[in-house]
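Some notes on the structure that comes next.
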Amino acid sequence: MSAVKGSARQARSPNTMSKIRSVLTIGTSLEVGCPVCGQWLRGNCFDESVQHMLVEHDYVLLHVGAETHWDEKGKPRHSTVAVVGSSAL
């Protein structure tokens, strides 16, 4: 994953957190539409999808971490997730 560039900001203070009104989870195993412009955010372009929300729509990064789900055979499937938030509705 490449470093996030541009004017992207990370949520740092409790004051910033209290202003978050909408939250979006982006993951390497998820595909969702951008709630602002409709651009498709694909899991195989995880870094670009996160950067899109941070730079293009001024979201803040709330969390990055790992997530594990188990398939129907009981095998673990690991993915990376980023949770981003915005003060706009």
Side-chain angles (χ1 to χ4, degrees):
M1 180 171 64
S2 65
V4 175
K5 301 173 187 167
S7 63
R9 296 170 290 125
Q10 182 175 6
R12 290 189 168 89
S13 70
N15 190 30
T16 300
M17 295 297 289
S18 68
K19 294 178 182 177
I20 299 299
R21 301 177 113 193
S22 61
V23 174
L24 176 68
T25 301
I26 302 167
T28 55
S29 65
L30 300 172
E31 293 190 3
V32 298
C34 171
V36 180
C37 70
Q39 177 175 317
W40 204 239
L41 305 174
R42 299 183 187 280
N44 62 348
C45 299
F46 177 75
D47 56 342
E48 293 172 17
S49 296
V50 173
Q51 186 166 331
H52 170 80
M53 296 308 299
L54 299 179
V55 175
E56 299 298 323
H57 301 302
D58 207 29
Y59 274 56
V60 293
L61 183 62
L62 303 173
H63 173 76
V64 175
E67 187 172 74
T68 303
H69 295 278
W70 287 264
D71 67 14
E72 62 279 348
K73 296 180 181 180
K75 293 184 178 182
R77 301 291 179 207
H78 306 289
S79 62
T80 302
V81 295
V83 180
V84 295
S86 173
S87 58
L89 284 176

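For this chain, numbers begin at 1 and follow the sequence in order.
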Residue pair His57, Ser86: steps toward the side chain to side chain contact (heavy atoms under 4.5 Å, CB included) verdict
CA-CA 8 Å; His57 301 302; Ser86 173; over 6 Å; no
Pair Val36-Glu56, side chain to side chain contact (heavy atoms under 4.5 Å, CB included): steps then yes or no:
CA-CA 10 Å; Val36 180; Glu56 299 298 323; over 6 Å; no
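Across all their heavy atoms, Pro76 and Thr68 have their closest contact at CB-CG2, 3.9 Å. In terms of heavy-atom proximity, Trp40 sits nearest to Gly33 at CZ3-N, 3.6 Å. Across every non-hydrogen atom of Ser87 and Arg21, the tightest pair is O-CD, 2.8 Å.
Distance CG/Leu62 to CG/Leu24: 10.0 Å, rounded to 0.5 Å. Distance check, rounded to the nearest 0.5 Å: CH2 of Trp70 to NE2 of His78 gives 8.0 Å. The CD1 atom of Ile26 sits 8.5 Å away from atom NE2 of His52, with the distance rounded to the nearest 0.5 Å. Here the OG-CG distance, from Ser29 to Asn44, works out to 11.5 Å after rounding to the nearest 0.5 Å.
In the hydrophobic clustering of ILVMFWY residues, with side-chain heavy atoms under 4.5 Å counting as a link, Leu30 and Val50 come out apart. Hydrophobic cluster membership differs between Val81 and Leu61, with clusters built from Ile, Leu, Val, Met, Phe, Trp and Tyr side chains linked at under 4.5 angstrom.
Side-chain contact between Glu31 and Cys45 is absent, with no heavy atoms from C-beta onward closer than 4.5 Å. At a threshold of 4.5 Å between non-hydrogen side-chain atoms, the residues Val60 and Ile20 count as touching.
Side-chain N or O atoms of Thr80 include none that pairs as donor or acceptor with a backbone N or O of Thr28 at under 3.5 Å.
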